[in-house]
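The structure appears below as structure tokens.
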2 protein chains.
Amino acid sequence: MDPCSMNLDQIDYKILKELQDDARISHQELSDKVGLSASPCARRIRKLEAEGYITGYGAQIEEAKMGFGFSVFVSVRLDQQVDGRLVEFEKEVRLCPEIVECWLMTGSFDYLLRLSVESLDDFERFLTRRLTKIPGVASIESSVPIRRVKHQPARIR
Amino acid sequence: MDPCSMNLDQIDYKILKELQDDARISHQELSDKVGLSASPCARRIRKLEAEGYITGYGAQIEEAKMGFGFSVFVSVRLDQQVDGRLVEFEKEVRLCPEIVECWLMTGSFDYLLRLSVESLDDFERFLTRRLTKIPGVASIESSVPIRRVKHQPARIR
DNA sequence: GATGAAACCTTCACCCC
DNA sequence: GGGGTGAAGGTTTCATC
């Protein structure tokens, strides 16, 4: 399952946690926090990147400030569970900027989406003009969140 | 709604997009991409940070490599919708490392959680020993995803 | 918005345990 | 094998235009 697994120690986990919180921390400051000097600290980071533990570094953008403060969860069921339908649907999903997250689910074989839109009006427009027009979409169920209580990008041991 | 809104132009949006993809890009390279020189580019970044458009920078960690490659969505309904119950539940949520995401939902007034666990066994343990033990939890419904089709941290105009 | 100098950070070869 | 040191090169920052 894990072709290139190396054994991480407590220092590695600490480095990952610190970098998850602040990707722009300097090697020097980071090395102080984890109890190492800058050079071996940098070496460990490079190794974590090369082995795929760290996949990238991203700026966290405030969606609400972008004008997309309104999220909606949408469950979508397709009328046929054939592979072609899934491929076609997923292709459309990737093209919609409103869909910020999409999961293929077991069970009733449908998709869970999170949309990021400006308003309820905006959501309705997207629903009627775009989502329902995708071939194979059989039924749609929406849930509106009040607020995000917790959000942790990834769990670290 | 937006106390400190400044008008962003196309260059600002481009800067945000580039930084979302690669927070560690140098000001020099970024300035080339957006058609500016390094110094005004850095000024814009500082402004975007100060005004709250950029809330931070984070390393992206591969959960699967951490041993938590298994996600489960869980819908939780509480037996009472009184404020105290919500506060208590949310306090527990923040303490559980397995819960990586939590939304308070409208409608049936419950929570949508995403768990990050090692395995189905691990999930069952968490469910029976911890989640069902939280006071006020009336019912739980789980959905297991097959894979994440799309994941965009935040939508940018 | 651009330039250039000072301060800072990253990187690498090298040494040590 | 992994950790420390120091010098070279690159990057950020700031005053200035």
To the nearest Å, give me how far apart [atom1] ([X]) and [atom2] ([N]) are.
| X | N | atom1 | atom2 | value |
| --- | --- | --- | --- | --- |
| A/Y57 | C/dT10 | OH | P | 11 Å |
| B/K47 | D/dT13 | NZ | C1' | 18 Å |
| A/I11 | D/dG2 | CD1 | C1' | 10 Å |
| A/L19 | C/dT10 | CG | P | 11 Å |
| A/N7 | D/dG1 | CG | P | 14 Å |
| A/Q10 | D/dG2 | CD | P | 16 Å |

Closest contact, heavy atoms only, B/K65 versus A/Y53: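 In terms of heavy atoms, the two residues are closest at O-CE2, 3.5 Å.
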A/R44 side chain near D/dG3 phosphate (N/O to OP1/OP2, under 4.0 Å):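 For D/dG3, OP1/OP2 do have a side-chain N/O of A/R44 under 4.0 Å.
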Any donor-acceptor N/O pair under 3.5 Å between C/dG1 base and B/R43 side chain: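 Checked by distance alone, the answer is yes.
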Check: A/L127 main-chain N/O paired with A/T132 side-chain donor or acceptor under 3.5 Å: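 Yes; at least one donor-acceptor contact below 3.5 Å.
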Residues, nucleotides or ligands: over 12 heavy atoms within 6.0 Å of A/Q80 CD: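 Yes, because the 6.0 Å sphere around CD of A/Q80 holds more than 12 heavy atoms from other groups.
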Salt bridge B/R46-B/E49, side-chain N to carboxylate O under 4.0 Å: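 Looking at B/E49 together with B/R46, the answer is no, because their closest N to O distance does not fall below 4.0 Å.
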Between A/Y111 and A/F89, ring centroids under 6.0 Å: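 Yes.
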Any residue of residues 24-41 of chain A with a heavy atom less than 4.0 Å from an atom of DNA chain C: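 By residue number: A/S26, A/H27, A/Q28, A/S39.
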Atom pair CD1 (B/I99) and CD (B/E92), whose distance is rounded to the nearest 0.5 Å: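 Between atom CD1 of B/I99 and atom CD of B/E92 there are 8.5 Å.
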